[in-house]
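Everything on this sheet refers to the single structure shown next.
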There are 2 protein chains.
Amino acid sequence: MDTGDRLLTPGEVAALFRVDPKTVTRWAAAGRIGSIRTPGGHRRFRESEVRALLEGEGMLDEVDEGVTDRPRNAGPANSGGPNPMNAGLY
Amino acid sequence: MDTGDRLLTPGEVAALFRVDPKTVTRWAAAGRIGSIRTPGGHRRFRESEVRALLEGEGMLDEVDEGVTDRPRNAGPANSGGPNPMNAGLY
DNA sequence: TTTAAATTGGGTAATTCGGGGA
DNA sequence: GTTGTCCGAATTACCCAATTTA
């Protein structure tokens, strides 16, 4: 199936994350995101991986959250998006 | 389909709410507002959600609260109004 | 081939992170 | 219980010129 093997340019990824293209390059250099280099040295990123990072690689199930009750003090302990990757390291 | 899912930085959201960026971070940590993390650990917020919170259209439950002897939950929270948050996206 | 836009690399400010305490 | 401020550390944003891409 098509998991989205399209390649995105640093500018595209930067726009998706609302960061500078330079920052995306830094992620690739740091190994936080996979990258493919063109013969000229430019980087390309897999759309599937980028989308996974955007939504929080976890899964796709957050259709509703405590709707019947206001999250007043029932701390869900989650920031809306399941992102277990960099939740603890820093 | 452009509901405005642009991403805002903590500083942007803080300026909109007239609070400190740290406060916005606390909201995200407490789950009061959804957040997306960059691979570097910084947060980004959906403009649509922020606007909904600003306008109050998201939760129409602010008619009265606090003073009267109100139970913990009395009103139907969101997910019923014009709130195009991430409800079943991809 | 030439042109315009994007990307690369290094270097330096600004922002954000997390924890602690007022 | 919520918010604002302090600190150190990490991440990110903008500056430049040269190369690559389309």
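Chain letters run A, B, ... following the sequence lines, proteins first and then strands; every chain starts at 1. Treat the numbers as computed from the prediction; the structure is a model and nothing was measured.
OP1 or OP2 of D:dT21 sits under 4.0 Å from a side-chain N or O of A:Thr38. Look at B:Trp27 and you'll find a side-chain N or O under 4.0 angstrom from OP1 or OP2 of D:dT3. A sub-4.0 Å separation between OP1 or OP2 of D:dT3 and a side-chain N or O of B:Arg32 is absent. Note on A:Thr25: every side-chain N or O is 4.0 Å or more away from OP1 and OP2 of C:dG9. Taking 4.0 angstrom as the limit, A:Thr23 places a side-chain polar atom (N or O) nearer than this to OP1 or OP2 of D:dA13. Using a 4.0 Å cut-off, some side-chain N or O of B:Arg43 falls inside it from OP1 or OP2 of C:dG18.
In this structure, the CD atom of A:Glu12 is 8 Å from the P atom of C:dT7, given to the nearest Å. The interatomic distance linking B:Asp20 (CG) with C:dC17 (P) rounds to 12 Å, in whole Å. Distance A:Arg37 CZ to C:dT7 P: 14 Å, rounded to the nearest Å. Across the protein-nucleic acid pair, B:His42 atom NE2 and C:dG18 atom P stand 9 Å apart, rounded to whole Å.
Counted within 6.0 Å of CZ on B:Arg18, heavy atoms from surrounding residues, nucleotides or ligands total 12 or fewer; the atom is thus considered open.
In this structure C:dA22 sits in a base pair with D:dT3, meeting the Watson-Crick or G-U test at under 3.5 Å.
In terms of modelled atom types and a separation under 3.5 Å, the side chain of A:Asp20 and the main chain of A:Lys22 share a donor-acceptor contact. Checked by atom type and distance alone, the side chain of A:Arg44 never pairs as donor or acceptor with a backbone atom of A:Leu7 at under 3.5 Å.
Judged by distance alone, with hydrogens and angles left aside, A:Lys22 brings no side-chain donor or acceptor close enough to the base of C:dG11 to form a pair under 3.5 Å. A donor N or O paired with an acceptor N or O is found under 3.5 Å between the base of C:dG20 and the side-chain atoms of B:Arg26.
Along DNA chain D, the nucleotide nearest to A:Pro21 and the one nearest to A:Gly41 differ in position, and the one closer to the 5' end is contacted by A:Pro21.
Nearest nucleotide to the A:Pro10 side chain, out of C:dC17, D:dT21, C:dT8: C:dT8.
A heavy-atom distance below 4.5 Å is found between the side chains of B:Leu8 and B:Leu16.
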One pair to check against side-chain contact (heavy atoms from CB on, under 4.5 Å): A:Phe17 and A:Trp27. What are the steps and the verdict?
CA-CA 12 Å; A:Phe17 277 96; A:Trp27 293 342; 3.8 Å; yes

